[in-house]
K.L.:
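This is the structure, below, for whatever I ask next.
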Number of protein chains: 2
Amino acid sequence: MRIKDIARLAGVSPATVSRVMNNNGYVKEEKREAVLKVIKDVDYQPNPIAQSLKNQKSQMLGVIVPKISTETASRVVAGVTEVARAHGYQVLIANTDLDIDEEINYLKFLSNKSVDGIIMMGTEVTDQHLAVMDKLIVPIVILGQKVKGYTSIVHNDYDASYTMTEYLVKQNHRDIAFIGVDEKDEAVGIVRKKAYLDCLNNYKIDVNDRLMAIGDFDIDTGYQMMQKILSYKTPTAVLAVTDHLAIGAIHALLDAGLDVPNDVSVVGIGDIKLAEYLNPPLTTVHYTFKTSGKMAAETVFELMKNPEKQGDTLMTTFELKTRASVRVL
Amino acid sequence: MRIKDIARLAGVSPATVSRVMNNNGYVKEEKREAVLKVIKDVDYQPNPIAQSLKNQKSQMLGVIVPKISTETASRVVAGVTEVARAHGYQVLIANTDLDIDEEINYLKFLSNKSVDGIIMMGTEVTDQHLAVMDKLIVPIVILGQKVKGYTSIVHNDYDASYTMTEYLVKQNHRDIAFIGVDEKDEAVGIVRKKAYLDCLNNYKIDVNDRLMAIGDFDIDTGYQMMQKILSYKTPTAVLAVTDHLAIGAIHALLDAGLDVPNDVSVVGIGDIKLAEYLNPPLTTVHYTFKTSGKMAAETVFELMKNPEKQGDTLMTTFELKTRASVRVL
DNA sequence: GACATAACTGAAATCGATTTCACATACACA
DNA sequence: TGTGTATGTGAAATCGATTTCAGTTATGTC
């Protein structure tokens, strides 16, 4: 069913049908009703692709995620889809599976008027990214990393990590181990570590390199890094920069015959869904990822109207979740 | 940059540029090179929307999910995107947030030649669904529920649940409580319960209604249902039809001063990522959701080539994961 | 050298909508 | 009764690609 068919059935021209559908221009009441009746009878829905071509907008938002199957990404996408739907938009998912080249390919592809706006959950933003982003004709919002000149929505990594560290200090911990990730990830790798270091310095606590370990994002890495630290010394507390790393650390401690939190306290960052159901329930920092997704989408719609507003950095809130994985010394 | 511009720059007609891009028809080697050079110089990428309109396919797959932020859904989507990418396809996410009306709206919208194939992760398939699905012109694959006349990919809910129950029986449990969900969800609500009942019957174990509770899908429900069962009697084992329900049950047991597994054994179904890191690690059934997503996508591509093949039911495998949450009596 | 066939090319039609433009009719006001 | 404005309508152009069709040139075969 094309608009031509509707026009024929209603005894009018395609132009009139279009006017009825889009509710603009003059249409005599009788004809309007005739058209609406036909539309209803045959359950006509206009071809969105033809509309996109003519209107020069696709009514689609592109979301580039490093790995859709993570809790963080899927919550962000949930937020984005919610806002998108409210604007009558669809969401196109570009799942890069942590492949940087794919990320750039998708940026190019999506930029190509195939979506009206892009939300990128970045881990690493390279010069290659910037080169492609510079040529983008649709607005883009970066989520999770701060990129100069582009609108970014960042989690308050510094304050979150600082608050978490400070919390341990205030529970009288002094031997606080650190399990982090590679510095390629600016927000998690660099910022969260800096906050840890700054906090220790502010409280005049010696920083001990051998109590610090760096690795990947997964639970296994948390386990191994914890083992590595234990082989040197048993700290009284451990700050892991993600909850998954914290889970790995807890298991390494348990396997080493230590009790959490009685022998060693452990905290994470992120507040994954199951954090409160772990044993012990994990003390961590709660980020509102779904809200970040909503913010990102709303900001993209903002930018679609006012492209010159590009460049702001918005910061999401966080909340300390104190649970049973920390002991007061 | 449109194809016309490329044509002008290369001194040929748009038709020739198209022939070069799509590698069909005759093009003299020199012209081909000239065109390719221009394409490369200006980094030309054809407008996918115009292509979709002309080619009558969008190179997009639509995925309707009840809730993208669940582990199951996001893993399925991960599988779908992987296969889609291999076929040069994009993935459109329709997140219904468990709203049945939205599900039907999306079906209508997507059917409208806006995607070339649909994958629906259904919970409940109503007559309204069927009415819309009947009119669909693009292939559809239903994931997680069996729907007559349509290609479905189902998890082997019956065998999984039966195997899980039988496992408990073989560990000499006889008082096996059951925590299920509403029957609106055919696969989880009906099939998994039937398997439990059949297994008990086959082993001549009396079924006790008061050891069975039905509710929603979340952890809290698991907690409450377990409390309800405990108020009647303390069973020796509990079968929860999802891992989340199992987690809720475990917490209710712990809060009631009972030990898992020494006082009560608990098993789930689904094997969420953290199942093995829970305390105790949860005995459950592992489903390959990402693989299901891949299968679904591959099947859709199959159906795009051979629409007459519609109607098959494919079953995914599962694997019993025996961990420490069960004790031998 | 004649004729068939292959190689090559671009103008124009097409996909399905929207919008401009030109034109027609109705209505108001002097 | 004329003139200006509001109302109403459809033919045709347009969005950016692909493809058919008709026509031209090159190549091969007898």
Side-chain angles (χ1 to χ4, degrees), chain A residues 1-36 38-39 42-60 88 90 108-116 137-138, chain B residues 1-36 38-39 42-60 88 90 108-116 137-138:
Chain A
M1 270 297 166
R2 296 147 312 180
I3 197 169
K4 249 167 66 175
D5 302 313
I6 305 301
R8 193 169 29 78
L9 291 172
V12 298
S13 74
T16 300
V17 177
S18 174
R19 279 190 270 260
V20 172
M21 301 275 307
N22 298 293
N23 219 11
N24 58 15
Y26 293 112
V27 177
K28 195 176 271 178
E29 195 49 31
E30 319 156 31
K31 300 217 173 187
R32 155 168 277 112
E33 275 163 20
V35 170
L36 286 174
V38 175
I39 286 173
V42 305
D43 196 16
Y44 168 69
Q45 292 202 258
N47 182 324
I49 291 172
Q51 288 181 313
S52 297
L53 180 60
K54 180 66 218 192
N55 298 337
Q56 297 291 74
K57 33 185 196 151
S58 61
Q59 303 272 113
M60 289 197 295
Q90 302 298 124
K108 281 192 196 173
F109 175 83
L110 294 177
S111 71
N112 217 30
K113 268 295 169 205
S114 110
V115 296
D116 300 340
I137 42 178
V138 295
Chain B
M1 271 296 167
R2 296 147 313 182
I3 197 169
K4 250 167 63 176
D5 303 315
I6 305 301
R8 193 170 28 76
L9 291 173
V12 297
S13 75
T16 299
V17 177
S18 174
R19 280 190 271 260
V20 172
M21 300 277 303
N22 297 294
N23 218 12
N24 58 16
Y26 294 111
V27 178
K28 195 177 272 179
E29 197 48 32
E30 318 155 32
K31 301 217 174 186
R32 156 169 277 113
E33 275 162 20
V35 170
L36 286 174
V38 175
I39 287 173
V42 305
D43 196 16
Y44 168 71
Q45 292 202 256
N47 181 324
I49 292 172
Q51 288 181 313
S52 296
L53 180 60
K54 180 66 217 190
N55 297 337
Q56 296 292 75
K57 30 184 200 152
S58 60
Q59 303 271 110
M60 288 197 296
Q90 302 299 124
K108 281 193 196 173
F109 175 83
L110 294 178
S111 71
N112 218 31
K113 268 296 167 204
S114 111
V115 296
D116 300 339
I137 41 176
V138 295

K.L.:
Show the nearest heavy-atom pair for residues A:Asp116 and A:Lys57, with the distance to one decimal.
P.N.:
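Heavy-atom minimum between the residues: OD2-CB, 3.2 Å.
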K.L.:
Between C:dG10 atom P and B:Ile6 atom CD1, what is the distance in whole Å?
P.N.:
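After rounding, the gap between these two atoms is 15 Å.
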K.L.:
State, with a plain yes or no, whether a side-chain heavy atom of A:Pro48 is found less than 4.5 Å away from one of A:Gln59.
P.N.:
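Answer no - side chains too far apart.
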K.L.:
Indicate whether OP1 or OP2 belonging to D:dT9 is found under 4.0 Å from a side-chain N or O atom of A:Lys31.
P.N.:
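For D:dT9, OP1/OP2 do have a side-chain N/O of A:Lys31 under 4.0 Å.
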K.L.:
Heavy atoms only: give me the nearest A:Ser58-A:Val115 pair and the separation to one decimal.
P.N.:
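Heavy-atom minimum between the residues: OG-CA, 3.3 Å.
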K.L.:
Taking side chain as C-beta onward, heavy atoms only, is A:Tyr44 less than 4.5 Å from A:Arg2?
P.N.:
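A side-chain contact under 4.5 Å is absent here.
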K.L.:
Considering only heavy atoms from C-beta outward, does the side chain of A:Arg19 approach that of A:Tyr26 to under 4.5 Å?
P.N.:
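The answer is no; the side chains never approach within 4.5 Å.
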K.L.:
What integer distance in Å separates B:Tyr26:OH from C:dA7:P?
P.N.:
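In whole Å, C:dA7 P lies 4 Å from B:Tyr26 OH.
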K.L.:
Can you give one letter per nucleotide of nucleotides 15-21 of chain D, going 5' to 3': B for a protein heavy atom under 4.0 Å from the base, S for sugar-phosphate only, - for none?
P.N.:
BBBBBB-
K.L.:
State, with a plain yes or no, whether a side-chain heavy atom of B:Val12 is found less than 4.5 Å away from one of B:Lys28.
P.N.:
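Sidechains of B:Lys28 and B:Val12: no contact.
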K.L.:
Please round to 10 degrees the angle between the axis of the first five pairs and the axis of the last five pairs in the helix from C:dG1-D:dC30 to C:dA30-D:dT1.
P.N.:
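Inter-axis angle at the ends, rounded: 50°.
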K.L.:
Taking C-beta and beyond as the side chain, do B:Ser18 and B:Ile3 meet within less than 4.5 Å on heavy atoms?
P.N.:
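Yes, their side chains come closer than 4.5 Å.
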K.L.:
Evaluate the side-chain proximity of B:Ile39 to B:Gln45: yes if any heavy-atom separation is below 4.5 Å, no if none is.
P.N.:
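B:Gln45 does not reach B:Ile39 side chain to side chain.
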